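Per chain, numbering begins at 1; letters A, B, ... match sequence-line order. This is a predicted model, so every value here is computed, not measured.
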Number of protein chains: 2
Amino acid sequence: MLRITPRGNNDTRAFPRFAVTVDIVLLSVVAGTLHVLLIERADRTHRGMWALPGGFKKPDETLDEAASRELLEETNVAAPGHLTQFHSYGDPGRDPRGNVVTVAYLAAVPPLDNRRVAGGGDASRADGVPVDDVVRGRRKLAFDHARIIRDAVDHVVDQIDRTPIALGFLGPTFTITDIRRVHEAVVGEPLDAANFRRRLLSVDRPIIQPTDRLNNPGTDGGRPATLYRRASARSRR
Amino acid sequence: MLRITPRGNNDTRAFPRFAVTVDIVLLSVVAGTLHVLLIERADRTHRGMWALPGGFKKPDETLDEAASRELLEETNVAAPGHLTQFHSYGDPGRDPRGNVVTVAYLAAVPPLDNRRVAGGGDASRADGVPVDDVVRGRRKLAFDHARIIRDAVDHVVDQIDRTPIALGFLGPTFTITDIRRVHEAVVGEPLDAANFRRRLLSVDRPIIQPTDRLNNPGTDGGRPATLYRRASARSRR
DNA sequence: ACAATAGTGTCTATTAGACAATATGTA
DNA sequence: TACATATTGTCTAATAGACACTATTGT
């Protein structure tokens, strides 16, 4: 017994309508700990509640474009390479304002400059908080945003060893130790520096390439590390 | 400069509305080849075009429930374990009927019984076709369904070695050779039987467990293989 | 000199892969 | 018996992990 839906009149106007939002889980690694950017909402229905940045998709843009636009508008962060869709949410009642389906995106960015991200607009505040506070329930969020963040972190843990996503957390140049610290923050345990380096450099298509510069050892001293940058798509051939 | 969207009146009625559909990529392995189930549409706007089964999400059901319901309604297949959401699509103009966002699901099922899947209802036909025909463009589909199928196959290739998804393609009992043939169909190359078996059985949390039965060697003979079944969640502890 | 961090060498254990050998069925 | 398929054994290569050691800086 095979039927296609809808029967007869197939015009979409005959079917329930939803608002579609894109929400962005903006992750960074600060002091060895994963952080997520939250905003305090100033709108009437959710005043004072903390939530993920995001907003409504427009009919004339793609989902990816909507995510990039919202990210730029709300956090002043230009869309980085790793802005990836990871799951959609549509449970009934998840948004008290009505039928809302949310497409969630994940962005890995370098530590945020608080001066550029805080204050202004309709959000009373914006703040990066440790994801652990959210995951452990110490920080309550609006909607199902705590679950979305949990799913995003699971996704990063799943991808960290198989994709260059760790580089999203770093600036244009970085040391191998920088990359390792990102991995350590994600997996939650220390990694052997020697073995990590070997594995990273032994892949067939290198994702990083050395520059001719060294970084500046801090006041603590130590041998200066070579600075790397992302390998161009060309050099990865 | 931080603003939250929307400004002021935050009621969702002020924002564009979309129809939300769930489409299901129903994959099976027939004669060593990946197949996908397509239906021929009988509705006014797309009469005669082949497309993925799917339909509109209702406000009072989750996305997963909508996918299970549509799968059951349109293909008579009860939702198997591996009905997983893998991507959402919202490009402007992707559906000529208007603003439609589609959440795509992937289902791995045993080879379909044609008597149960064909004919009836508003679909003039239903048919399992080799995914290769779709991927290589030999079979034209409605909407962006060819791209969705390509993404689904990429997802399976990515997951086949890391999840029990292969078991979705098999019935309640199966031999290790059955599992290997599924893997071979997905990765597109033959796998060493001895090494495949060892790897499969040496995982710490076994995903299969032997029964006390053997399967019946075909008319070609050969040593009968032990039949396995899925390991219960309990025995995986 | 001493502490701190980067980077190399080396040894062992584990895993992956090729492929031979054995077990058990049908025709 | 000849053939087909399942299952086990064995050897080698590649990889992963622990950890000692060398290199280069700041104080």
Side-chain angles (χ1 to χ4, degrees), chain A residues 29 31-32 157-158 160-163 166-167 170-171 173-229, chain B residues 29 31-32 157-158 160-163 166-167 170-171 173-229:
Chain A
V29 175
V157 171
D158 189 66
I160 192 73
D161 263 345
R162 310 189 302 133
T163 72
L167 304 187
L170 302 172
T173 62
F174 40 81
T175 68
I176 290 183
T177 296
D178 290 334
I179 306 177
R180 179 167 50 83
R181 297 225 187 286
V182 168
H183 280 249
E184 288 173 338
V186 169
V187 303
E189 58 187 17
L191 301 172
D192 184 278
N195 296 333
F196 182 86
R197 151 187 299 274
R198 224 186 320 262
R199 207 159 41 85
L200 186 68
L201 297 178
S202 71
V203 294
D204 44 351
R205 307 264 188 103
I207 60 172
I208 59 173
Q209 56 186 197
T211 68
D212 53 1
R213 295 191 305 132
L214 303 178
N215 86 325
N216 203 319
T219 171
D220 286 343
R223 174 173 170 175
T226 48
L227 284 169
Y228 288 78
R229 60 165 172 265
Chain B
V29 175
V157 171
D158 188 65
I160 192 72
D161 263 344
R162 311 189 301 134
T163 72
L167 304 186
L170 302 171
T173 61
F174 39 80
T175 67
I176 290 184
T177 296
D178 290 335
I179 306 177
R180 179 166 50 83
R181 298 223 186 287
V182 168
H183 280 248
E184 289 172 338
V186 169
V187 303
E189 59 187 16
L191 301 172
D192 183 278
N195 297 331
F196 181 86
R197 149 187 300 273
R198 223 185 322 263
R199 205 159 42 86
L200 187 67
L201 296 178
S202 72
V203 294
D204 44 350
R205 307 264 188 102
I207 60 171
I208 59 172
Q209 56 187 196
T211 69
D212 54 1
R213 295 190 306 132
L214 303 178
N215 86 327
N216 203 319
T219 172
D220 285 343
R223 175 171 168 176
T226 49
L227 284 168
Y228 288 78
R229 59 166 173 265

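Atom CD in Glu189(B) sits roughly 10 Å away from atom P in dG17(C) (whole-Å rounding). Counting to the nearest Å, the P atom of dT7(D) and the CD1 atom of Ile208(B) are 10 Å from each other. Following rounding to the nearest Å, Arg180(A) (CZ) and dG7(C) (C1') show an atom-to-atom distance of 11 Å. For the pair Asp204(A) CG and dA14(D) C1', the computed distance is 14 Å after rounding to whole Å. Atom CZ in Phe196(A) sits roughly 16 Å away from atom C1' in dT15(D) (whole-Å rounding). Atom pair Leu201(A):CG and dG7(C):P shows a separation of 9 Å (rounding to whole Å applied). One atom, CG of Leu227(B), and another, P of dG25(C), lie 14 Å apart when rounded to the nearest Å. Taking atom OH on Tyr228(A) and atom P on dA6(C), their separation rounds to 12 Å, with Å as the unit.
With rounding to the nearest 0.5 angstrom, the CD1 atom of Ile176(B) is 10.5 Å from the CG atom of Leu227(B). Note that CG of Asn195(A) and CG of Leu200(A) are 12.5 Å apart. Values are rounded to the nearest 0.5 Å. Rounding to the nearest 0.5 angstrom, the gap separating the OG1 atom in Thr211(A) from the CG atom in Leu214(A) is 7.5 Å. Atom-to-atom distance recorded for Asp158(B):CG and Asp161(B):CG is 9.5 Å, nearest 0.5 angstrom. Rounding to the nearest 0.5 angstrom, the gap separating the CG atom in Leu170(B) from the OH atom in Tyr228(B) is 14.0 Å.
Considering only heavy atoms from C-beta on, Phe174(A) comes within 4.5 Å of Ile208(A) through its side chain.
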*Step by step, would you call Asp192(B) with Arg198(B) a salt bridge (Lys or Arg N to Asp or Glu O under 4.0 Å)?*
CA-CA 10 Å; Asp192(B) 183 278; Arg198(B) 223 185 322 263; 5.7 Å; no
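Between Arg199(A) and dA16(D) there is no side-chain polar atom (N or O) within less than 4.0 angstrom of OP1 or OP2. Regarding contacts with the backbone of dT5(D), every side-chain N or O of Thr177(B) stays at 4.0 angstrom or more from both OP1 and OP2. Between dA27(C) and Thr219(B), a contact under 4.0 Å exists linking OP1 or OP2 to a side-chain N or O. Contact check, Thr226(A) against dG7(C): a side-chain N or O comes under 4.0 Å of OP1 or OP2.
Pairs of residues two or more places apart, or lying in two chains, that qualify as side-chain hydrogen bond (donor to acceptor under 3.5 Å, both in side chains) and include a residue from residues 176-189 of chain B are Thr175(B)-Asp178(B), Arg180(B)-Glu184(B).
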So which protein N/O to nucleotides 19-25 of chain D N/O distances come out below 3.5 Å?
{"from": "dA23(D)", "atom 1": "O4'", "to": "Arg223(A)", "atom 2": "NH1", "distance (Å)": "3.2"}
{"from": "dT24(D)", "atom 1": "O2", "to": "Arg223(A)", "atom 2": "N", "distance (Å)": "3.1"}
{"from": "dT25(D)", "atom 1": "O2", "to": "Gly222(A)", "atom 2": "N", "distance (Å)": "2.8"}

Look for any protein N or O under 3.5 Å of an N or O in nucleotides 11-14 of chain C and output each such pair with its distance, or none.
none

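Here the closest heavy-atom approach between residue Asn215(B) and residue Pro224(B) is recorded as O-CB, 3.3 Å.
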